Asks: 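Dropping a structure here in structure tokens format, bear with me for questions.
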Amino acid sequence: MKRLLLLDGHSLAYRAFFALPAENFSTSTGQHTNAVYGFTSMLINLLRDEEPTHLAVAFDVSRQTFRSEEYAEYKAGRATTPSEFKGQVNLVKEVLDAMGVTHLELDGYEADDILATLTTQATQAGFDEVLLCSGDRDALQLVRDNVTVLYPVKGVSELTRMTPAAVEEKYGVPPERYSDLAALVGEKSDNLPGVPGVGPKTAAKWIGQYGDLEGLVANVDQIKGKAGENVRAHLDGVLRNRRLNQLLVDVPLPVTPDDLARHDWNRDEVHRVFDGLEFKVLRDRLFATLGTAQPEAEGDVSVDGVVLGDGEVETWLAGITGRAGLFVDGTWAKGAGDASGLAIADESGRAAYVDLTTLAPEDEQALAEWLADVTKAKALHDAKGPMHALAARGLTLAGLTNDTAIAAYLVRPDQRSYGFEDLLLRYCHIELPETGKQAAGQGMLDLGDVGATQGDDAMARAAAVATLAAALDEAVADVGGIELMAELELPIVEVLATMEQAGIAVDLDALHELEADYDAQVVAAQQDAWDAIGGEQVNLGSPKQLQVVLFETLGLPKTKKTKTGYTTDAEAIADLSEKAPHPFLDALLRHRDASKLRSTVQGLIKSIGDDGRIHTTYQQTIAATGRLSSTDPNLQNIPIRTESGRRIRRVFVVGEGYDCLMSADYSQIEMRVMAHLSGDEGLIQAFNDGEDLHRFVGSRVFGVEPSEVTSEMRAKVKAMSYGLAYGLSAFGLSKQLRISTAEAQRLMDGYFERFGGVRDYLRQIVDDARATGYTETMMGRRRYLPDLTSDNRQRRDMAERMALNAPIQGSAADIMKKAMLGVDEALRAANLRSRVLLQVHDELIVEVGAGERDEVERIVREQMGAAADLAVPLDVNVGTGRSWQDAEH
DNA sequence: TCGAAGACGTA
DNA sequence: CGTACGTCTTCGAC
């Protein structure tokens, strides 16, 4: 059975472009994707529904064809192609490349000519069926018993099957005569005028009468009335139309239909391309479709599994060869939950399952020793969770030499999600057997002879972890990340687990008080706001309703545009307040402030554990620069800028049995990293002189003595210094400082004149990244930025700013991770009870045991200060107090 | 129920 | 037209 599916890429993408609202389909970088999305969606549906064995997509190259040569007006008068569409054609081709779909284009020919040629060749070569998907009606002339045109009717999801009968029913002529009919009627979109007054009905009647266009021409004098006059008057045009709408069937193509057999597609490429396009649902649909039509998984790992009984653990563990892949059964969430079972698989294909709930003492002892033995190499996927679960059973995990989630993150840090089964497919081309089944087959993990159903799934996963870890070892090595993984990322997992488990104590009464306070403020501000507009009870939390009040009811000047209207953000409201003061605006800002703080407090209250402490979760594989992030709750964004917000920090307190909280933070770490990496003498001197950085820089930029730097000058310089590391433009700086672009430019020029090394360095980063494709931190953490060479200016600019920032932010993150390892290790080595609780990018919060304060301070200063050897000192500020707020300085 | 958009908190 | 995050609320689509 040979079934060829041919698509007119251009016409389908163009249809999709108008069918799907562009504003709903664009990436975070601003690239429109509606046409790509619609086209890809159609393609996936076609693959699913039609199951073609052969496949190709044709594109138009330019409008220069034999048609435009014969008739200069061909397709003239068309609206120019929207620029939002143009760029998407290349993206469509990228999708096709990733999916392994052949696409064809040939100078001087239209896509439909290519389709017609392939259709003819396929028919002659004995293909059973040809399916043509095109939004161009000319394709209808190709319809035959075994050639069907799938014509999009509306949107991107509905296609009509144009069989010979369907063509005849719709147009009143058989497909062979469709071109005759079209020649008479004309085609507006091709700028081919037909005979005035002659529509499809009349044309069909004539063709029925005279057989075809030739017959009609021979008898044209017999046609009566006005229509007859018109057709005689326009005969030349009709014949020209007929020549032009005839599709070519002899286009010189580099392929034959047989070459179009569907072949392997590149899963990595699909991930890469779809990641870039931010297609999530579509990717799932694609995998679901192709997964069944054409199994991608091809690996075959077989496992001999055994459920260990009493007394069998030690012997089995002793027989392990190579690194063990582990999978932990059970549930866990930070402080709570525990492990119920453990599956272990080794490199020789042995696997075992241990039921942790019914473990005999001697087995437990053997297992505990093996788990805690650093010399017994282990691999897990996302080990921190399992560590918590094992810890809940008193088991310690050591000897981690690969965490597959972290390894995948180091290889491609921009991904944000590293699902185990996705990675397994991507790196090993294997799939897990279905849960509960012993499914063994192509691309499935073969469980071999398993003694019992218990633990099957877990053992399969453990075996898969081992396999995946081996593949990822290589991938990590390819990006030069072996040391980073071994020395930084893997050791830090355990530190994070300990921090999460410890949590931080909060004063619940104080939290409730705060909530009540903020709540009262919210209510008061809301009342004030309502009063200010005559009592209308608008929802102040709804930007939509606010826009009505601000710009219609109050008639205030319009603010900056957003996707759906005009912004009501705090900056814009403050601006409005200056231009057109109104009590509503003031009340609105107060309401925003208070309700934000209220919900922060409410969130904290909800997340307090049974132990009266808040246990955040640190995400180690989210931030593309190498930073950690904190969720559930996020303790890295607790307010500090306003006094009202700082009250929340007072609620985080030292726990019972401890002396105080200690906050230790790096002073201007990113600026110091920049000084070091750039080697700029001026900036290095600024830090080594030990005086106020911004004052120093200000004196250089403004050409005055440090003592003469005003606070205003200092503020400007400070904003600029920090902005540099983000790729700030003169425009952005001018907006932030509320100065003219010219003055902002002068400021930046002045800065770069005095600190030329910084400018050179920033340029160098981007140049290097463009050449190599990635940026690198001090510890070799890479970030790949393919958009640096994008045709799309917005995407390219964005990638350049990321390239600028990634080594700076990322090196600072590396340093902090190193410091955390040092502090944690030193605290243990000194046998102190003190422990690290929180990390907020450049700050550590330590809970200090009784009488340990001085020693802890010494350790923290030493370890944080020694985390990197820079050309400038790593200054650390330390403070202590009963609460987080008190510990700040 | 889910996701997008808008808003805003941190470094 | 400034990087990196997470969370909350509203609102409309499903």
Side-chain angles (χ1 to χ4, degrees), chain A residues 21 23-26 28 30 278 280-281 413-414 416 538-547 559-573 588-589 591-604 606-607 616-619 622-642 644-646 648-649 665-666 668-671 719-736 741 744 775 783 785 793-794 797-810 812-813 816 838-843:
Chain A
E23 59 270 23
N24 294 355
F25 294 87
S26 53
S28 48
E278 297 173 17
K280 293 179 206 102
V281 178
D414 275 282
R416 289 189 74 95
V538 291
N539 182 343
L540 299 175
S542 165
K544 206 178 159 207
Q545 294 182 35
L546 281 179
Q547 286 178 54
T559 56
K560 218 177 72 178
K561 271 200 174 128
T562 65
K563 266 183 192 172
T564 54
Y566 299 91
T567 184
T568 66
D569 68 19
E571 192 193 337
I573 301 298
L588 173 60
L589 288 176
H591 178 270
R592 279 260 176 80
D593 220 37
S595 57
K596 175 86 183 174
L597 293 172
R598 182 182 61 181
S599 79
T600 300
V601 168
Q602 287 169 338
L604 291 175
K606 258 192 278 176
S607 62
T616 185
T617 301
Y618 287 103
Q619 303 289 342
I622 296 294
T625 52
R627 275 191 177 179
L628 299 174
S629 75
S630 157
T631 62
D632 192 24
N634 181 355
L635 295 185
Q636 289 180 325
N637 72 342
I638 301 302
I640 191 171
R641 304 208 169 165
T642 64
S644 174
R646 278 196 293 275
I648 299 180
R649 292 198 170 213
D665 71 277
Y666 281 118
Q668 297 146 335
I669 187 167
E670 292 194 1
M671 290 301 297
M720 178 166 56
S721 291
Y722 280 110
L724 288 177
Y726 302 146
L728 186 67
S729 65
F731 179 88
L733 184 64
S734 75
K735 218 178 55 159
Q736 189 188 330
T741 318
T775 63
R783 180 175 187 185
L785 293 163
R793 193 183 58 80
Q794 199 184 346
D797 287 352
M798 172 72 100
E800 286 181 3
R801 291 192 297 269
M802 290 173 174
L804 218 65
N805 176 254
I808 299 169
Q809 187 183 117
M816 179 50 112
L838 303 178
Q839 187 253 43
V840 191
H841 307 308
D842 66 359
E843 174 186 17

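Remember, it's a predicted structure, so these values are computed and weren't measured experimentally. Labels below follow one simple rule: chain letters A, B, ... track the order of the sequence lines, proteins then strands, and each chain is numbered from 1.
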Asks: Has A:Gln668 got a side-chain N or O lying under 4.0 Å from the OP1 or OP2 atom of B:dA11?
Replies: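 Answer no for this pair, as no side-chain N or O of A:Gln668 is under 4.0 Å from OP1 or OP2.
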
Asks: Students often get this wrong, so: under 4.0 angstrom with heavy atoms, is A:Glu670 touching a base, only sugar-phosphate, or nothing?
Replies: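 Touches nothing.
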
Asks: Closest heavy-atom contact between A:Leu597 and A:Gly645?
Replies: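 Reported closest heavy-atom pair: CD2-CA, 3.8 Å.
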
Asks: What's A:Ile638 touching, base or sugar-phosphate or nothing? Going by heavy atoms closer than 4.0 Å.
Replies: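 Counting heavy atoms under 4.0 Å across all strands, the contact made by A:Ile638 is with sugar-phosphate only.
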
Asks: Using a cut-off of 4.0 Å on non-hydrogen atoms, how would the nucleic acid contact of A:Arg801 be classed: base, sugar-phosphate, or nothing?
Replies: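 Sugar-phosphate contact only.
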
Asks: Over all strands shown, is A:Arg783 touching base, sugar-phosphate only, or nothing at heavy-atom distances under 4.0 angstrom?
Replies: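 Sugar-phosphate: the residue A:Arg783, judged by heavy atoms under 4.0 Å, touches backbone atoms but no base.
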
Asks: Heavy atoms only, 4.0 Å cut-off, all strands: where does A:Leu635 land among base, sugar-phosphate and nothing?
Replies: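 Nothing: the residue A:Leu635, judged by heavy atoms under 4.0 Å, touches no strand.
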
Asks: For A:Asn539, answer base if it contacts any base atom (sugar-phosphate contacts may also be present), sugar-phosphate if it contacts only those atoms, and nothing otherwise; contact means non-hydrogen atoms under 4.0 Å.
Replies: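 Counting heavy atoms under 4.0 Å across all strands, the contact made by A:Asn539 is with sugar-phosphate only.
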
Asks: Pick base, sugar-phosphate or nothing for A:Met816, based on heavy-atom distances below 4.0 Å to the nucleic acid.
Replies: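 Nothing: the residue A:Met816, judged by heavy atoms under 4.0 Å, touches no strand.
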
Asks: With a non-hydrogen cut-off below 4.0 angstrom, is A:Arg416 in contact with a base, only sugar-phosphate, or nothing?
Replies: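 Sugar-phosphate only.
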
Asks: Using a 4.0 Å heavy-atom cut-off across all strands, classify A:Ala570 as base, sugar-phosphate, or nothing.
Replies: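 Sugar-phosphate, no base atom in range.
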
Asks: Reckon A:Thr567 touches a base, only the sugar-phosphate, or nothing at all at heavy-atom distances under 4.0 Å?
Replies: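 The residue A:Thr567 makes sugar-phosphate contact but no base contact.
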
Asks: Base, sugar-phosphate, or nothing: which does A:Lys735 touch, judged by heavy atoms less than 4.0 Å apart?
Replies: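 The answer is nothing, as A:Lys735 stays clear of every strand by at least 4.0 Å.
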
Asks: Does B:dG9 have OP1 or OP2 sitting under 4.0 Å from an N or O in the side chain of A:Lys596?
Replies: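 It does not, given that no N or O in the side chain of A:Lys596 lies less than 4.0 Å from OP1 or OP2 of B:dG9.
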
Asks: Applying a 4.0 Å non-hydrogen cut-off, can you work out what A:Thr600 is touching in the nucleic acid: base, sugar-phosphate, or nothing?
Replies: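 No contact at all - A:Thr600 keeps every heavy atom at 4.0 Å or more from the nucleic acid.
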
Asks: Which part of the nucleic acid, if any, lies within reach of A:Ile808 when heavy atoms closer than 4.0 Å are counted: base, sugar-phosphate only, or nothing?
Replies: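 Contact class for A:Ile808: none.
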
Asks: What contact category does A:Ala813 fall into here, base, sugar-phosphate, or nothing, at under 4.0 angstrom with non-hydrogen atoms?
Replies: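 The residue A:Ala813 makes no contact with any strand.
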
Asks: Does the side chain of A:Thr562 get closer than 4.0 angstrom to OP1 or OP2 of B:dG6 through an N or O atom?
Replies: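 Yes, within the criterion.
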
